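Since this is a predicted model, take the numbers as computed values, not measurements.
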Amino acid sequence: MGEINKKINIGIMGMGSIAERSVLPAFLKLKDKFNIIAISTKNNKDKIPKERNGIEIYSSYEELLENRNIDAIYISLINSLHYEFNKDL
């Protein structure tokens, strides 16, 4: 029964403008349902929130995919890269 109320651990792959303006704020508003535990970004480290509260930051997308504590990943990369990082999951 406890699993029903379990928070979903989220990883965010890429910190593009949609992640920064919409996705990250939405997950942060729903703290009772989602826990952002990791963000990976190669270029936009300045868009990562200053107050990380335990969020792990990775500089490679592969590191994020290796984190076994993540339940779901939001992919905020250009569309042409979505398949590249999903094909082996």
Side-chain angles (χ1 to χ4, degrees):
M1 286 287 219
E3 290 295 313
I4 293 173
N5 295 321
K6 178 184 178 262
K7 286 185 183 182
I8 298 171
N9 289 331
I10 299 291
I12 298 177
M13 183 181 288
M15 277 303 292
S17 62
I18 291 174
E20 177 189 19
R21 290 178 301 156
S22 301
V23 175
L24 190 58
F27 281 132
L28 292 173
K29 275 187 185 176
L30 297 168
K31 289 180 187 178
D32 58 323
K33 299 194 183 303
F34 300 101
N35 183 29
I36 299 172
I37 63 167
I39 296 173
S40 65
T41 185
K42 292 185 178 185
N43 301 317
N44 299 321
K45 290 187 180 359
D46 59 314
K47 294 183 179 182
I48 296 172
K50 301 286 185 249
E51 294 181 29
R52 294 190 199 146
N53 297 332
I55 298 173
E56 292 187 58
I57 308 302
Y58 300 120
S59 14
S60 81
Y61 304 133
E62 293 78 14
E63 284 180 286
L64 182 82
L65 294 173
E66 291 172 3
N67 185 325
R68 296 292 170 218
N69 295 317
I70 295 174
D71 299 316
I73 296 174
Y74 180 84
I75 300 176
S76 182
L77 303 174
I78 58 174
N79 290 343
S80 62
L81 290 177
H82 286 203
Y83 177 73
E84 175 71 25
F85 291 101
N86 279 289
K87 66 183 178 189
D88 296 324
L89 298 180

Exercise. Counting only heavy atoms not in K31, do more than 12 fall under 6.0 Å of its NZ?
Worked result: no
Exercise. Would one find more than 12 heavy atoms of other residues, nucleotides or ligands at under 6.0 Å from atom CG of L30?
Worked result: yes
Identify each donor-acceptor pair in which a side-chain atom of residues 66-74 lies under 3.5 Å from a protein atom, sequence neighbours left out, and give them as a table.
from	atom 1	to	atom 2	distance (Å)
N67	OD1	N69	N	2.8
N67	ND2	Y58	OH	3.1
D71	OD2	K6	NZ	3.1
D71	OD2	N9	N	2.8

Exercise. If you look at every heavy atom in M15 and E20, which pair is closest and at what distance?
Worked result: CE-CA, 4.1 Å
Exercise. Which heavy atom in A19 sits nearest to a heavy atom in P25, and how many Å separate them?
Worked result: O-CD, 3.8 Å
Can you tell me how far the [atom1] atom of [X] sits from the [atom2] atom of [Y], to the nearest 0.5 Å?
| X | Y | atom1 | atom2 | answer |
| --- | --- | --- | --- | --- |
| I37 | I12 | CD1 | CD1 | 11.0 Å |
| I18 | I75 | CD1 | CD1 | 13.0 Å |
| M13 | L65 | CE | CG | 4.0 Å |

For this session: With sequence neighbours excluded, tell me which residues meet side-chain hydrogen bond (donor to acceptor under 3.5 Å, both in side chains) with S60.
Result: E63
Problem set entry | Residue pairs involving residues 5-41 (criterion ring pair (Phe, Tyr, Trp, His ring centres under 6.0 Å); sequence neighbours excluded) | F27-F34
